[in-house]
Structures are given as C-alpha cells and as structure tokens.
Asks: 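Before I ask anything, here is the structure I am working with.
Numbers restart at 1 for each chain; the letters A, B, ... are given by sequence-line order, proteins then strands. Side chains included, hydrogens not; waters and symmetry mates left out as well; all remaining heavy atoms used. Bear in mind the structure is a predicted one, so any value in this text is a computation, not a measurement.
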Amino acid sequence: MTTMLNINGKDMPVQAAPDTPLLWVLRDELGLTGSKYGCGIAQCGACTVLADGQPIRSCSTPILALASAKITTIESLGGEHPLQVAWVKNDVPQCGYCQSGQLMSASALLAQTPKPTDEQIDAAMSGNICRCGTYQRIHAAIKEASGQAPVAAPPVAAKV
Amino acid sequence: MNKFVMDIREPTESVKLTRRHALGIGATLAGGALLIGCSPSAIGKMMGVGAKHDFGAFGPFIKVTSDGFVTVMSKHIEFGQGNHAGLAAIAAEEMDADWTKVRVEQSIANASVYANTSFGMQGTGGSSAISNSWMQLRNAGAAARAMFVQAAATTWGVPAKDITVKDGVVRYVAGGKEATFGELVPVAAKVTPPQKPILKDPKNFSLIGSDRVRRKDSAAKSSGTARFTQDVHLPNMLTAMVAHSPKFGSSVASFDASAAKQIAGVVDVFQIPSGVAVVAENTWAARKGRDALVVKWDDSKAEKRSSDEMRAEWTALAAGKAPSDSKLKWLAFQTKGEAAQTTSGTPAVDTTYDFPFLAHAPMEPMNCVAIVDGNSAKLIHGSQIPTLDQLNTAKIVGNLPGAIEVETLFAGGSFGRRANFQSDYVTECVHIAKHVGKGRPVKLVWTREDDMTGGYYRPLVHHAVRVTLDKDGYPATWRHRIVGPSLNKGSPLGSGGLDPSLVEGAKDSPYLKATPVVDGQAISPDINMPILWWRSVGATHTAFVMEHTIDQLAKKAGKDPVDYRRTLYKKAGAERHLAVLNLAAEKAGWGAPATAGFTRGIAVHESFGSVVAQVAEVKLVNGEPRVGRVVTAIDCGTAISPNQIAAQMEGGTCFGLSAALFGQITLKGGEVQQHNFDAYRVLRHNEAPHVETYIVASSNPPSGVGEPGTPVISAAVANALLAMGQPMTTSLPFVKT
Ligand code: FES
Ligand code: FES
C-alpha cells in the first residue's frame with residue numbers, strides 16, 4: 001500500500017505500512033538520515049521534524065496521521081540557515097547526535113517568534129535532550145541567530 | 001580454521017596479551033595512575049599481524065596532497081570531546097600548516113602504529129586522547145615540516161637553515177623564493193624523515209592555545225550530514241534487534257518465534273549467546289518482530305537482588321559486619337599513624353554517603369554494523385577501543401585480531417559505555433552477522449530501552465567517613481570506608497587486588513595528605529551484573545565525599561570554605577589545587593554577594609591529571625536545586641583549544657549535574673526499573689547552568705579535559721545547600737522521585 005507524503009516540498013510515495021512512525025520511513029525508506037532515533041517515545045526530541053511548521057516527534061507519529069501535512073526535515077535547512085551559521089560559529093555540537101532535532105525545534109521557534117526571550121527559548125527547547133550538555137551554546141546560538149546579544153558572558157575560555 | 005584462540009579473560013600461551021598490557025589499559029581507563037606502554041612489536045605479536053599497511057611518505061599520522069591540504073589521521077574516536085580538532089592542531093602547529101587547510105580523518109584500526117601510548121591498545125579513554133598523542137603528533141608534524149624544508153632546500157639549492165615555513169608556505173626570503181606544501185609534495189615525499197625532528201619551543205606556539213583551534217565537524221553536525229552508525233545503509237543490509245533477559249545473568253530457556261515470523265519484513269529469528277535475535281528488512285519490522293517474540297528465560301544464575309538490598313548490604317559492611325564471603329577482604333588505600341585514634345575523640349563529621357547505579361545513556365543508543373564472510377569480518381561503528389573489538393571479534397570468527405577490519409564512525413556520545421572488555425554489543429552483532437553469513441551486512445540496533453536496561457552502569461557505592469579536628473579546626477584523624485564492586489572483576493585485571501578506580505580521588509586527596517592520622521580502606525562485594533567506568537569514574541563519588549565533607553568540617557570549625565581549603569592545600573603542598581581555587585574564587589567574586597536569590601558553593605577536584613575548581617550559584621525551585629552561574633577554573637597543562645576546553649567544562653558540568661540532580665538506576669528483583677528518559681530523568685535546556693571557564697596558564701604537557709569537568713558540580717551544589725542552612729547531603733540524587 002502506498003502513502004503519499006509531502007516532504008521538504010516534494011510529494012513522495014512511500015510503501016511502509018500506515019502505522020509506521022515517520023522517523024523510520026524517513027531514515028530507512030527515504031534515506032533522510034538527518035533525523036535521529038534517541039528514545040522512540042517522544043521524550044528526547046532527536047527525531048524532531050516540522051509538520052505544517054509545528055515541531056513533532058517523528059518517532060511517535062505514524063505516517064497515516066501525516067497524509068495531508070507539509071513535513072520539513074533538517075535536510076531542508078540547506079546549511080546556510082541563520083541558525084546553522086550561528087551553530088557553527090559557536091561550535092555548538094559535541095557528539096552532534098541531538099543537533100538535527102535541536103535545530104528543527106529552534107527553527108520552528110524563530111519562525112513563530114523572531115526575537116524569543118530567554119524564557120521562550122527555555123520553553124521551546126526543553127523537549128530536546130542533549131546528553132553532551134550543549135544547552136548553553138544552543139541558547140547563545142539562538143540568541144545570535146535572532147539578532148540578540150547573549151544573556152550573560154559568552155562561553156569563551158580566558159587564559160589566565 | 002585458524003588455530004589462533006583468543007580469550008582476553010583467560011589468556012593462554014598463544015595469546016600475547018599479558019597482564020602488563022591489561023593492567024595498562026585497565027588502570028588507565030579506570031583513571032588510575034598506572035600507565036604502561038607497550039612496544040609496537042609486542043602489540044604486533046599480540047594482534048597476530050605486523051604493520052603491513054602503507055601509510056605514505058609522511059607516516060601514519062599525516063597526509064599532504066597536491067592541493068595543499070594537510071590531513072591529520074586521528075587514531076581516536078570523536079564522540080563529542082572535540083579531540084579531533086585538538087589532535088590536528090598539535091601536528092599543524094609543528095608543521096606550520098595553514099589551519100584553514102587542515103582536515104581530520106579517522107584512522108584505521110592498527111594497534112601496532114595507532115596504540116594509545118598510555119595503555120598499549122588502540123583506544124580512547126581515561127581522558128587521554130590529547131595527552132598520549134602530544135609527543136607523537138608533535139614529532140610527526142615536526143618531521144613533516146623538516147621534509148618540506150629539505151625539499152625546498154634541494155629544489156632551490158640553498159641551505160635548509162635559511163628556509164622558513166608559515167601557514168603551509170615554504171620560503172627562502174633572501175632569494176625571493178616560495179612554494180606551498182602542495183607544490184613541494186612530490187619532492188618532500190622522497191626526503192628521508194629525520195629520526196629526531198627538532199620540536200618548537202612552546203613559547204613560539206601560535207596555533208596551540210589560540211581561539212583559532214575550533215572544531216572541524218560543526219558544519220556536518222549542524223546539517224544532519226555527519227555519519228553515525230545508525231545512519232549506515234548498505235546494499236542488502238539487514239537490521240537486527242535482540243530480545244534480552246530483563247535480569248542480568250539469565251539465559252534463554254526456550255522461545256516461540258511463530259508470531260514474530262508473521263510480521264512483514266522479518267527475515268529470520270534465531271538464538272545467539274546474549275538472547276534471541278530478530279533480523280528484518282528494516283528497523284520497524286525488526287522492532288515489531290521482537291515485540292511479537294515470546295521468550296522464556298532461565299533465571300537460575302541471575303542477579304536477583306534489589307538495589308535497596310545491595311545498599312543495605314554495602315552499608316552493613318561499612319558498619320563492621322563481617323563479609324558473608326570469606327574471600328572478601330578490606331584493603332587499605334591509605335593508612336597513616338595509629339588507626340585506633342580514628343575511632344576515638346569527638347567526630348566533627350561522622351556520616352555515610354550513598355550513590356546509586358547510573359546509566360551512561362548516550363544520545364545514540366548502542367549499535368553496530370558487522371559483515372562476516374567465513375572468517376573474515378568487518379565492523380563499522382563508533383569503536384572506542386578498536387583493539388578490543390578486534391580481539392573479541394577474532395575469537396568469534398576464528399581469525400587473527402589484526403585481520404579484523406574496523407571502520408570507526410562518529411558516535412553519539414559514550415561517556416565510557418562503548419569501552420568494555422567484552423565488546424558486548426559489538427560481539428552480539430558479530431554473532432548475528434556470522435549466523436547470517438555470506439558477507440551480508442547486519443546492523444544491530446538497540447532501542448533506548450535496550451540501552452538503559454542493558455547493564456554497564458556506574459556501580460552502587462557507599463562511603464562511611466569519620467573525621468576529628470585538631471585544636472585549630474583542621475582534620476586530625478580521618479577514617480574512611482568505601483564499599484563498591486570492582487570494575488576489574490571479569491577483566492584481564494582479575495579480581496584480586498584493590499580496584500584503583502574505586503578509591504581514586506580519595507586515596508590521593510590533598511586533604512588526607514594534610515591529615516596526620518588516616519585509616520582508609522575499601523572492599524568490593526560481588527555483583528552479578530555488568531558495571532563500568534562512567535565519565536570521571538571513581539571521582540563521580542569520591543569528589544562528592546571529599547568536597548562535601550570538607551565544607552562540613554569548615555562549617556564546624558567556623559571557617560570560610562575557601563580559606564579552609566587554602567590552608568589545607570598549603571599543608572599538603574597542593575599548589576595546582578590552590579591556583580584553581582584562587583582563580584575560581586576571584587572570578588566568581590567569592591566574598592561579595594552572589595546573584596540575587598542564589599547561594600554559592602565551591603568544590604575542587606583533581607582527576608585525569610587536571611585540577612578543576614567550581615563555584616556554583618544555586619537556588620531552590622519547588623524544592624529542587626537549580627544551578628545558575630558556574631565559574632570554572634581548570635589547570636589542564638598546556639591548553640590546546642581553549643574553546644573546546646570550555647565546551648568540555650560546560651558539557652561535563654551538565655553531565656555531572658544531571659546525575660547529581662536526577663540520575664539513578666534502581667533494581668527490583670534484579671530488574672532495572674528505568675527503561676527510558678521518562679523514568680531516567682536527565683538535565684534539560686531550562687535546567688542547564690551557565691558555565692564560565694578560566695584556564696590556568698601552564699607549560700606542563702596537556703592533561704585530561706573530557707572527564708575532569710564532570711565530578712565537581714555535585715559537591716558544589718551540596719555545599720551551596722549547606723551554606724543555605726540545609727542539612728548535609730548524604731545520598732544522591734538530590735531529587736528523589
Ligand atoms: S526519538 Fe523521538 S523524541 Fe526521542
Ligand atoms: S551534542 Fe551530543 S547529545 Fe547533543
């Protein structure tokens with residue numbers, strides 16, 4: 001059975017059973033491996049993609065629920081998105097495994113709230129776990145990408 | 001079939017892995033001070049093959065291509081620590097390469113050239129990537145530079161001593177000549193490398209220690225294109241999941257695969273040593289197939305205790321109960337003076353501390369790709385100790401360890417989990433791929449639940465501490481008991497002596513050095529489940545115990561915690577501790593008011609050759625500690641990449657804080673109660689501290705950075721709570737659910 005999905009602006013027929021979570025269709029069937037598996041139960045955010053601009057956990061969303069949605073994945077950001085530029089400038093990633101999900105949550109935030117406050121960033125980003133603990137740089141990079149100065153001293157080491 | 005038999009747990013005559021090798025790796029991974037290197041020939045023999053690989057003109061660590069790019073080969077895995085950039089910078093500095101034209105590539109597995117110089121196998125651990133490579137890569141870079149200088153001298157017919165190199169350009173200024181590394185490659189490649197290349201005076205370093213040393217992988221990791229094991233898709237590949245017993249030490253009694261085989265996409269179901277494997281055409285089919293599987297387990301040999309029972313047992317031992325097993329012995333880690341004195345007088349502190357099991361829970365659950373065809377095998381995964389993965393795989397497929405090919409990819413974190421003597425999930429994948437056979441690739445995928453319940457935890461540990469003070473308020477006697485299972489058991493280290501990682505951080509504490517009478521002993525009860533080093537290993541508990549005890553003693557003595565430590569460090573001659581303490585206190589504004597609503601706590605600890613001091617600002621939100629500003633001072637010897645040192649302090653602090661606030665794995669009837677992040681709570685964005693990092697200037701060789709930032713924060717938070725007037729914290733995590 002074929003399900004039609006719209007992913008990154010393209011209609012894509014997929015063969016997976018309708019109860020298959022979107023994440024496994026993206027990764028195994030379509031080869032879009034930027035979205036990651038971290039928990040499978042909507043707890044960690046590593047699999048975050050956007051459906052009609054809203055962040056969703058693709059590990060827990062079966063494709064049958066997405067037949068009419070416009071799905072956006074990390075692959076659509078293109079590499080030059082202001083968030084990606086800020087991510088690289090701040091050397092945000094460590095292991096990097098959570099970062100696709102972090103970027104998708106952040107991109108949804110900025111699309112809706114171009115200049116988020118610290119509290120708004122906290123609220124939008126607290127569904128995305130980073131075991132490497134890159135939260136501080138994620139926060140700084142979102143501030144930077146939204147044209148705001150970081151909250152406190154930047155995370156730069158001073159040699160003494 | 002090859003006669004080579006390899007069992008690293010029971011070395012035989014044919015196995016050249018000696019206790020010396022094992023000690024080296026065990027002690028170093030465990031953070032002990034025992035660093036034993038091996039000669040390349042010893043490793044070559046152990047691996048069964050010599051270094052046959054052709055590494056090119058510039059040796060195994062450096063490649064230079066005609067486009068002028070310098071590629072530094074990393075023998076170490078990159079799973080977040082930023083070591084790839086640091087390793088490349090060391091070679092680039094000595095070469096005078098153009099940093100913008102330096103790339104990093106992951107090396108192949110070949111212990112005869114890529115062994116970790118501090119533990120004799122190829123592998124990453126013990127925060128040693130930079131420190132063990134320091135002289136190796138300086139020499140490699142300096143030798144390559146000398147080859148380019150000689151190439152230019154020959155080409156231009158001028159003396160080598162008049163030639164300069166900067167940013168990958170070689171110049172003879174007097175003659176107005178210049179050429180790039182790229183242009184000189186064909187000639188330089190024919191120059192005989194110098195045996196003893198001349199190294200730079202560190203005073204002349206221009207790249208090392210500068211903010212230019214930044215990660216090389218940020219763009220790939222910010223675009224979803226960095227390749228992890230989870231992302232490997234090969235033609236004809238099968239995806240496997242394994243049903244494991246909920247108890248440790250159980251085996252399969254029987255299983256019924258009929259329902260599983262009905263699932264579309266399931267290809268086969270079969271038993272392997274660690275459980276029942278389901279192989280399928282894709283991940284979701286494997287998952288559904290495994291869910292449909294019915295397995296009966298034989299629990300006769302399983303660990304059935306609850307963690308509460310273990311804690312009670314450990315506590316009773318520390319309180320003086322005789323061990324039920326007569327082979328269990330208390331072993332001294334430090335004794336000074338008359339032990340009897342440590343139980344007399346009025347104690348200023350007389351308390352116990354409890355630490356739970358902890359899961360590493362790296363973001364990418366364990367996984368591996370293996371291809372087995374007859375007795376040839378290739379592994380593709382985030383290999384932390386390629387040599388062990390080779391040894392353990394060779395045993396299964398019947399080949400020489402050196403013949404096992406390993407392609408190491410980025411890994412989504414490890415924190416110690418991917419390094420174990422059994423290569424647990426790697427061998428599981430090899431068993432499946434061997435069953436599938438014919439060179440058909442198999443990707444083993446662990447779910448988060450598999451990962452969290454699959455063992456290899458930071459063990460449950462108990463401390464009992466009794467301290468009396470002298471008339472000036474400083475420790476006069478110190479009695480210390482540590483109860484915790486040995487990480488060495490079941491490893492080549494055997495189960496005999498004291499596990500150094502159980503007592504590191506207490507044994508070598510400057511506070512014990514400054515105390516005239518000490519009776520420090522440890523005991524390791526048996527436990528029938530896999531336990532392992534967990535980012536900063538022994539320091540995860542010893543730093544807390546020593547640092548929180550000291551604050552309580554300072555309080556009893558009516559002294560400021562920073563002044564109190566200063567006095568003790570001076571007594572102990574702990575100059576590096578004193579330097580980071582003073583730096584952190586100064587930068588945090590110790591003595592001046594903290595940020596409104598917050599209270600400060602300080603802690604200091606040395607691990608992996610580096611000393612870290614942290615001043616944390618803490619407040620209580622709904623009864624839970626919440627950490628704001630954290631001022632960190634570190635002495636890690638020569639700083640290669642200040643930016644990445646700061647990143648490790650930020651990340652290490654979050655990792656330590658996450659465990660201190662929320663982390664605990666509990667067992668009921670031997671079964672792990674936490675299966676996923678809903679029950680194993682971890683630190684999130686809104687709970688993250690803001691870490692500032694200051695680095696003490698040092699000309700010592702570089703020391704560890706990946707782990708030393710982890711163990712300090714727990715005590716800094718407990719000490720802030722103490723300063724708020726809260727009671728001592730005698731068990732972690734702070735937040736009990
Ligand atoms: S994998 Fe989907 S939220 Fe964790
Ligand atoms: S960068 Fe490793 S989990 Fe976030």
Side-chain angles (χ1 to χ4, degrees), chain A residues 16-17 20-21 24 27-29 31-41 43-44 46 73-75 77-79 83-84 87-88 91-100 103 121-123 125-139 151-153 155-160, chain B residues 79-82 209 211 214-215 217-226 228 230-231 233 264 282-284 361-365 410-413 415 447-448 583 629 639 642-647 650-655 676-678 682-686 688 690-697:
Chain A
T20 310
W24 300 113
R27 294 182 53 82
D28 285 1
E29 191 171 338
L32 296 171
T33 55
S35 310
K36 301 298 191 228
Y37 166 77
C39 71
I41 59 162
Q43 282 288 317
C44 78
T73 71
I74 182 73
E75 284 83 2
L77 288 194
L83 281 165
Q84 289 175 304
W87 243 243
V88 174
D91 271 338
V92 170
Q94 289 189 25
C95 82
Y97 195 79
C98 73
Q99 298 297 342
S100 297
L103 279 154
I121 296 173
D122 280 355
M125 300 306 294
S126 60
N128 288 82
I129 293 171
C130 174
R131 286 292 285 152
C132 297
T134 65
Y135 300 123
Q136 170 174 342
R137 293 192 186 209
I138 289 171
H139 203 96
V151 243
V156 171
K159 274 222 276 181
V160 175
Chain B
F79 39 38
Q81 342 81 303
D211 193 46
R214 303 294 291 265
R215 300 187 72 99
D217 55 9
S218 287
K221 289 178 174 176
S222 303
S223 59
T225 56
F228 296 86
Q230 194 77 31
D231 305 333
H233 282 271
N282 58 62
T283 319
W284 191 242
M363 210 65 230
E364 182 182 21
F410 287 133
F415 316 117
T447 60
R448 172 60 58 198
L583 181 57
R629 183 178 181 227
N643 183 283
Q644 285 305 298
I645 292 167
E650 294 154 22
T653 302
C654 284
F655 202 76
N676 207 318
F677 290 120
D678 51 350
V682 297
L683 194 80
R684 289 175 181 272
H685 192 112
N686 57 322
H690 191 276
V691 181
E692 290 167 40
T693 302
Y694 300 91
I695 302 167
V696 175

Asks: Could D231(B) and K36(A) be called an ion pair, given the rule that one side-chain N must be under 4.0 Å from one carboxylate O?
Replies: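 Salt bridge flag = yes for K36(A) with D231(B).
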Asks: Using a cut-off of under 4.5 Å for heavy-atom pairs, which of V682(B), N282(B), T283(B) has the most such pairs with chain A?
Replies: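 Among the listed options, the one with the most contacts to chain A is T283(B).
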Asks: Could you go through E29(A) and T20(A), starting from their C-alpha distance and side-chain angles, then the distance that decides it, and tell me whether this counts as side-chain hydrogen bond (donor to acceptor under 3.5 Å, both in side chains)?
Replies: CA-CA 11 Å; E29(A) 191 171 338; T20(A) 310; over 6 Å; no
Asks: Tell me whether D91(A) is salt-bridged to R215(B), with the criterion being a basic N under 4.0 Å from an acidic carboxylate O.
Replies: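 No, this pair does not count.
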Asks: Compare every heavy atom of A688(B) with every heavy atom of L683(B), then report the nearest pair and how far apart it is.
Replies: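 Residues L683(B) and A688(B), closest heavy atoms: CD2-CA, 4.1 Å.
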Asks: Between R131(A) and Y97(A) (side chain of the first, backbone of the second, donor and acceptor by atom type, cut-off under 3.5 Å), is there such a pair?
Replies: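 Here the side-chain-to-backbone pair does not exist.
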Asks: Please flag which part of T225(B) lies under 4.5 Å from any non-hydrogen atom of chain A: side chain, backbone, both or neither.
Replies: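 Contact with chain A involves no heavy atom of T225(B) at all.
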Asks: Using modelled atom types only, decide if a donor and an acceptor are shared between the side chain of Q94(A) and the backbone of T134(A) within a distance under 3.5 Å.
Replies: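 Here the side-chain-to-backbone pair does not exist.
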Asks: Looking only at heavy atoms and a cut-off of under 4.5 Å, which of T447(B), N676(B), D217(B) has the most pairs with chain A?
Replies: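 Among T447(B), N676(B), D217(B), the one with the most close pairs to chain A is N676(B).
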Asks: Chain A heavy atoms under 4.5 Å from Q81(B): which part of the residue, side chain, backbone, both or neither?
Replies: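 No part of it gets close to chain A.
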Asks: In terms of heavy-atom proximity below 4.5 Å to chain A, should F228(B) be classed as side chain, backbone, both, or neither?
Replies: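 The side chain, not the backbone.
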Asks: What part of A219(B) gets within 4.5 angstrom of chain A, counting heavy atoms only: side chain, backbone, both, or neither?
Replies: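 Both backbone and side chain.
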Asks: So what's closer than 4.5 Å to chain A heavy atoms on A411(B): side chain, backbone, both or neither?
Replies: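 Only the backbone of A411(B) comes within 4.5 Å of chain A.
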